[in-house]
Protein chains: 2
Amino acid sequence: MSKQPVGPLTPVGMDDCRVPLVNEPLNADQAERLAPSFKALGDPIRLRLLSLIASHQGGEACVCDLTDGFDVSAPTISHHLKVLREIGLVSSERRGTWVYYRAEQSALDLLSTVLSVPQGVNA
Amino acid sequence: MSKQPVGPLTPVGMDDCRVPLVNEPLNADQAERLAPSFKALGDPIRLRLLSLIASHQGGEACVCDLTDGFDVSAPTISHHLKVLREIGLVSSERRGTWVYYRAEQSALDLLSTVLSVPQGVNA
DNA sequence: TCATTGACTTGATGGATATCTAATTAAGTA
DNA sequence: TACTTAATTAGATATCCATCAAGTCAATGA
């Protein structure tokens, strides 16, 4: 119980991270909360899955729409979706036989902001 | 020679990646070129180093300015700086006794764009 | 030339992780 | 109930990676 399992990105407690990292140095705490999200994006399969989900009609996609076009097994896809879900980059919902994944745009937006380079920084 | 060591982000050949991943699905090739950069950001120490460098006076920082405030050894810092440099997120230059690191803003900007969520996407 | 300081490289190690097969759960249907 | 399909979990394995101690390289100065 001494080390919590890296909570999700969206819910709360990340507001102090919604700042470009070029503006001021991240402190250790902020860095440790942000890094796992970037790590989750650091796998090509997860990046493609997220992009597939986020760009899909209606902002969500069924797992059955995601398994094609990858050279890995279904359990591996499932594993990567779990990583994305646990970090809060996507959410999932079961509807009947199928499970649908939805991209969490606010989480994406936060990470985008962290990496953004505001005009006129460090001329 | 069959598998190149994942080239840097900035130089060239990344222009086709400068698109929000919510706009259309990343293809396998794009994902494999982008993922290593996010992976590089996926470590809290590297995130802090990058932020320290990027936010430092003049847009650059000496290694001697970076080693304090971390709980890891100097070789470990050096290792993380190398990872950031080889992926193209920072560049380095020796001036006399000291080595200075500079953030590559165009690389940061590219990654920020990839994660950005344009208004009105997937209502 | 030798000593000092800054930075990096090397080599080893423990822990994390991507992947698979096999088994399991969940929902629908004959 | 039994069968089928969708998706996940469990367990095993091979690889990757963060870290450190020790050694090396580079620049400066006594």
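Every chain is numbered from 1, with letters handed out A, B, ... down the list of sequences.
At whole-Å resolution of the value, CZ in Arg48(A) and P in dA18(C) are 16 Å apart. Rounded to whole angstrom, the span from the CD1 atom of Ile87(B) across to the C1' atom of dC17(D) amounts to 14 Å. The NE2-C1' distance, from His79(A) to dA18(C), rounds to 6 Å in whole Å. Here the C1' atom of nucleotide dA7(C) and the NZ atom of Lys82(B) are 12 Å apart, to the nearest Å. As a whole-Å value, the separation of Glu93(A) CD from dA7(D) C1' is 15 Å. Between the CD atom of Glu86(B) and the P atom of dC16(D) there is a distance of 15 Å, rounded to whole Å. Residue Asp43(B) contributes atom CG, which lies 10 Å from atom C1' of dC17(D) at whole-angstrom precision. Straight-line distance from the CZ atom of Phe70(B) to the P atom of dC20(D): 13 Å, rounded to whole Å.
Taking CD from Glu104(A) and OG from Ser91(A), the interatomic distance works out to 4.0 Å, rounded to the nearest 0.5 Å. Arg95(B) contributes atom CZ, which lies 4.5 Å from atom CD of Glu60(B) (distance to the nearest 0.5 angstrom). If you take SG on Cys17(A) and CG on Leu47(B), they are separated by 9.5 Å, rounding to the nearest 0.5 Å. Atoms CG and CG, from Leu81(B) and Leu89(B) in turn, are 11.5 Å apart once rounded to the nearest 0.5 Å.
Here the side chains of Asp65(B) and His56(B) are in contact, with some heavy-atom distance below 4.5 Å.
For Lys39(A), no side-chain nitrogen or oxygen approaches OP1 or OP2 of dC17(D) to under 4.0 Å. In this model, the phosphate group of dA7(D) is not approached by any side-chain N or O of Ser78(A) to a distance below 4.0 Å at OP1 or OP2.
Within 4.0 Å (heavy atoms only), Tyr101(B) reaches sugar-phosphate atoms of the nucleic acid but no base atom. Using a 4.0 Å heavy-atom cutoff across all strands shown, Ile77(B) reaches no nucleic acid atom at all. Asp65(A) comes within contact range of no nucleotide atom at all, as no heavy-atom separation falls under 4.0 Å. At the heavy-atom level, His80(A) lies under 4.0 Å from the strands shown only through sugar-phosphate atoms.
In the set dC8(C), dA6(D), dC20(C), dC20(C) carries the atom at the smallest distance from any side-chain atom of Thr76(A). Nearest nucleotide to the side chain of Leu81(B), out of dC20(C), dC8(C), dC20(D): dC8(C).
In this structure, Arg85(A) fails the cation-pi test against Tyr101(A), since its NZ or CZ atom is not both closer than 6.0 Å to the six-membered ring centre and inside 45 degrees of the ring normal.
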Can you check each nucleotide of nucleotides 22-30 of chain D against protein heavy atoms at under 4.0 Å and return B for base, S for sugar-phosphate only, - for none, in 5' to 3' order? B---SSS--
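Residue pairs that meet the side chain to side chain donor-acceptor pair (under 3.5 Å) test with at least one member in residues 68-77 of chain B, sequence neighbours left out, are Ser73(B)-Thr76(B).
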